[in-house]
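Here the structure comes first, spelled out in C-alpha cells, and everything after it is commentary.
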Amino acid sequence: MKKRLTAVLMAALMGTLCMTGCGNDSEPAAAPQEEVTEQPEEEAEAPETPEAEDEAVSDQEAADEVAALIDAIYVQQRTENTDEQCAQAKAAWDALTDAQKELVEGENADSDYFGRDTGDASKDDPRNQDDIGENEILVVSFGTSFNGSRVDDIKGIEDAIQEANPDWAVRRAFTAQIIINHVQARDNEFIDNMDQALERAVANGVKNLVIQPTHLMHGAEYDELIEAVEAYRDQFDSVKVAEPLLGEVGTDAAVINADKEAVAKALTQAAVQDAGYDSLEAAKEDGTAYVFLGHGTSHTAKVSYSQMQSQMGELGYDNVFIGTVEGEPEETACEAVIDAVAQAGYKKVILRPLMVVAGDHANNDMAGEDEDSWISTFKASGNFDSVDTQIVGLGSIEAIKQIYVEHTAAALETDSEANSDQAAGLPDGTYTADFKTDSSMFRVSEACDGKGTLTVRNGEMTIHISLGSKKIVNLYPGLAEDAGKEGAQLLMPTEDTVTYSDGMTEEVYGFDVPVPALDTEFDLALIGTKEKWYDHKVSVSDPVPAGKEAQADGGTEDIVALQDGTYSMEITFEGGSGKAQILSPVTVTVTGKKATATVQWNSPNYDYMLVDGDKYLPVNTTGDSVFEIPVKRFDEPMAVIGDTVAMSKPHEVEYTLTFHSDKVK
C-alpha cells in the first residue's frame, strides 16, 4: 500500500512537470511545490523491512533467554549452581528493554517474576546471621516472595518470638526453595533453606535447638521439616519441635482444640474489624458472610479444615465458611462454598486468607483478576450483591503471633517430672494406652490418636504402636550406643494398616515395645532409613480396658458362659467406604471356651482377612467371600482387616466387628 502511494505521488509529480514543459515557453518552469497531505495513520507507517523483522525476532529471543533462566531456578532443589543461576537471571532481565520484558513467558516464567512490585524487601530481615550462641529458636516457614507479606507476617512472628525469648537467638528457614530462589534473584536477599539453617546452627556450636514451624498444620510441609531435622538430631544436645498453628490434628472433623478455637476467634475478630462492623452479629444482620480461604491438601491433615468449620459452628459463627484453593477436603471447594453461602441466604461476601502469609494464593488465587480466581467465580455465580477481599495474612494478627509464642514456650519448658505415683499392677488383659515421646519426629500415627494397644501377661507389659510411616526400621529398648553392639535384641517392625477419619488407609510400620513401668520415662532408641541410631525417651500411661478380660486359653468370660453349640448373632459392622460390609446376623460356633464366626461379605472381592495378625482365607471359591474367624470378645469392637481386590491393586482395609451377646439365638 505504501509503495503504491509513493508511485502515485511520483506519477503526479512527473505529470505536473510535463504539463509545465508544454505550457508558456516565455515563463521559466516554476519549482514544484511539495504537496503535504494528511495520510491515514496506518498508511503513514514505514514499511516493514527485513531489518525490522530481525529486530522483532531478536527481542523475542532475548525474552526467551530470560524465561529459560527463570525456569532454571524455579525448582525445589538447591544445587551448587543455584547462586550463579539466580545472578544470571537477574542480570539478563536488567539488560532487557521494557518492551522485551513484556515478552517474557516460559513454563513458569513471566514478566511478573522480576517486574511485579510486592513491597520493599529492604524492610525484611533474613535472619541468617552467624554468632548464634548455644541456644537457637529456628522459625521455619513455607515462605513467600511477596515482600510486604514477608515483612508483616513472617518477620512479624519471628520478631514476637525473639521479643519473648531475649536469651535465645531466633533464626529463619524456608522450606520452599522456589521462593528462596525468587527472593534471592530479584531482591538479592539470601534466606536459608532447612539444610542451610541446620548446617549454620551446627557450625555455630548450637547445643539446644527449638524449631517453631509457622505451618498451619501437621501436613506435608511439616513432615518434610521433621525428616530434615532427623538427619541433624545427633549434632545437638537437645532438639525440640513446637506445634504448628492449629496444634494436633485429631481423628475426625468434630475434633477441635484450644488452638483452633483461638485461631478462629482471632481471625474472625480481625476480619470483622477490617470490614468496619462492630461485631460478627452486626455483619450477619447486614447479610454478610466471611469465607476464610486456606491452601488445601491431599495429606490426611486436610481434616484440619473441616475441624475449623466445626469450630466456627461451636462458636456460633454461622456466617463464617472455610474454603481451600485446592478444594481438599471436597466441601471446601469453591463451588461447594458458593452453594453453602448462597443457601444460607447471605448476599454480601468477604474473602480473606486462612494462611500465614498473604502471598501468591491470596493475591492471585483469591483476589486475582483471572476468571478462575475465587472473587471472579463468586461474582460470576450471580448469587451475591457484592464480593470483596481482605488481603491480610494470619501472621500480621497480634493474637496469632501470641499463639506461636505460646507454642515456642511450651517446647522450651523442661520435661515434667515423672509421676511419682506408680500405677497399681494391672490384671492380665488388653488395654488402650497413651504412648508419649520426647519428639514430634517420633510418634504414633495420627490415625491412632496418640495411643497404642497395651497387653499385660503375667505382670509383663508390651505396647503395640503403629508409627506414622515406614521410615523407622528398628527400635531398641535402651540407648543408641548399645543398639549396635553384638547380641543386641532389636525390635523388628510389623506391617500395619491404619485408617484415617476420612476412610483413607496407609501402610506403616508397627512395633511391640516392652514397657518396664507405667507413667515413667524409659529409653527407646530408633534407627531410620539413614542407618543411624538416635536416643529417645518414651512413656506409657492411662491404660483403659480395650475389651473383656482375655483368658490364657484364648477364650473370654462371655464365651465361657455360652454352652457349646451354634448360634445366630447380630453384629455391628464399621469401617471402609460403606459399600462393602459383612452381613448380619452371623453364625457363631462355640467349642470349649473358644468361638468361631462364619462371616459373609456382600462382595466376592475379599481374598483374606486378618485378626490379631493371623491370616484367614475364604472357605468358599464362588460367590460372595465367606470366612471363618475367631471371636475374641463380645459386646466390644473387635478390629479386623479385609484385603480387597476390587481396586487396581489389593488393598487392606481396617474394620471393626461388634458381636452382640444379647442378640443371640
Side-chain angles (χ1 to χ4, degrees), residues 194 198 209 211 218 222-241 300 415 430-457 460-499 505-518 520-541 610 612-615 639 641 652 654:
M194 278 296 295
L198 292 169
L209 179 65
I211 297 176
H218 289 274
Y222 183 89
D223 289 346
E224 291 176 8
L225 177 156
I226 295 300
E227 183 177 359
V229 172
E230 188 66 35
Y232 290 84
R233 181 179 178 81
D234 65 332
Q235 302 195 51
F236 304 99
D237 290 351
S238 68
V239 178
K240 296 182 180 179
V241 182
T300 54
D415 294 335
T430 304
Y431 303 81
T432 299
D434 292 335
F435 182 80
K436 299 178 181 178
T437 73
D438 60 357
S439 172
S440 299
M441 295 175 284
F442 170 38
R443 59 182 181 178
V444 298
S445 168
E446 290 174 356
C448 302
D449 198 24
K451 301 182 184 298
T453 300
L454 180 69
T455 301
V456 181
R457 290 286 185 272
E460 294 186 355
M461 296 181 291
T462 302
I463 188 167
H464 183 82
I465 54 173
S466 298
L467 302 183
S469 68
K470 290 186 175 182
K471 294 180 180 178
I472 295 174
V473 297
N474 289 113
L475 297 179
Y476 175 72
L479 298 174
E481 62 182 4
D482 298 323
K485 294 180 180 179
E486 185 176 354
Q489 298 294 314
L490 306 184
L491 303 182
M492 305 304 293
T494 60
E495 290 198 359
D496 297 356
T497 301
V498 296
T499 303
T505 62
E506 182 180 15
E507 289 189 358
V508 300
Y509 279 159
F511 292 89
D512 293 310
V513 180
V515 181
L518 296 174
T520 303
E521 284 190 342
F522 58 94
D523 294 312
L524 187 62
L526 66 82
I527 186 171
T529 54
K530 298 184 182 294
E531 299 183 353
K532 185 175 183 62
W533 284 99
Y534 298 96
D535 284 317
H536 285 283
K537 296 281 189 181
V538 302
S539 63
V540 178
S541 60
L610 298 175
D612 284 354
D614 295 325
K615 180 182 286 188
I641 292 175
E652 290 186 350
E654 285 191 355

Looking at [Y], is its backbone amide N or carbonyl O close enough to the side chain of [X] to form a donor-acceptor pair, meaning the two atoms are under 3.5 Å apart?
X	Y	answer
T437	R443	no
N474	I527	no
S466	D496	no

Starting at [atom1] of [X], measure out to [atom2] of [Y] and round the result to the nearest 0.5 Å.
X	Y	atom1	atom2	result
L475	W533	CG	CH2	7.0 Å
L491	I465	CG	CD1	9.0 Å
I211	L198	CD1	CG	5.5 Å

*Exceeds 12 heavy-atom contacts within 6.0 angstrom, atom NZ of K537*: yes
*So does K470 have more than 12 non-hydrogen atoms from other groups sitting under 6.0 Å from NZ?*
yes
*Does the side chain to side chain contact (heavy atoms under 4.5 Å, CB included) test come out yes or no for F511 and L467, once each step is laid out?*
CA-CA 8 Å; F511 292 89; L467 302 183; 3.7 Å; yes
*asked:* As a quick check of understanding, evaluate side chain to side chain contact (heavy atoms under 4.5 Å, CB included) for F522 and V538, giving each step before the final call.
replied: CA-CA 6 Å; F522 58 94; V538 302; 3.3 Å; yes
Just distance, no hydrogens or angles: give the donor-acceptor pairs under 3.5 Å from side chains in residues 449-456, sequence neighbours left out.
residue, atom, partner, partner atom, Å
K451, NZ, D434, OD1, 2.5

Side-chain donor-acceptor pairs of residues 228-236 under 3.5 Å, sequence neighbours excluded:
residue, atom, partner, partner atom, Å
Y232, OH, E199, OE2, 3.2
D234, OD2, K532, NZ, 2.6

*Looking at D535 and A480, what are the two nearest heavy atoms and their distance?*
OD1-N, 2.5 Å
*For residues T300 and E446, determine if any side-chain heavy atom of one lies less than 4.5 Å from a side-chain heavy atom of the other.*
yes
*Is there a side chain to side chain contact (heavy atoms under 4.5 Å, CB included) between S439 and V239 once you walk through the steps?*
CA-CA 8 Å; S439 172; V239 178; over 6 Å; no
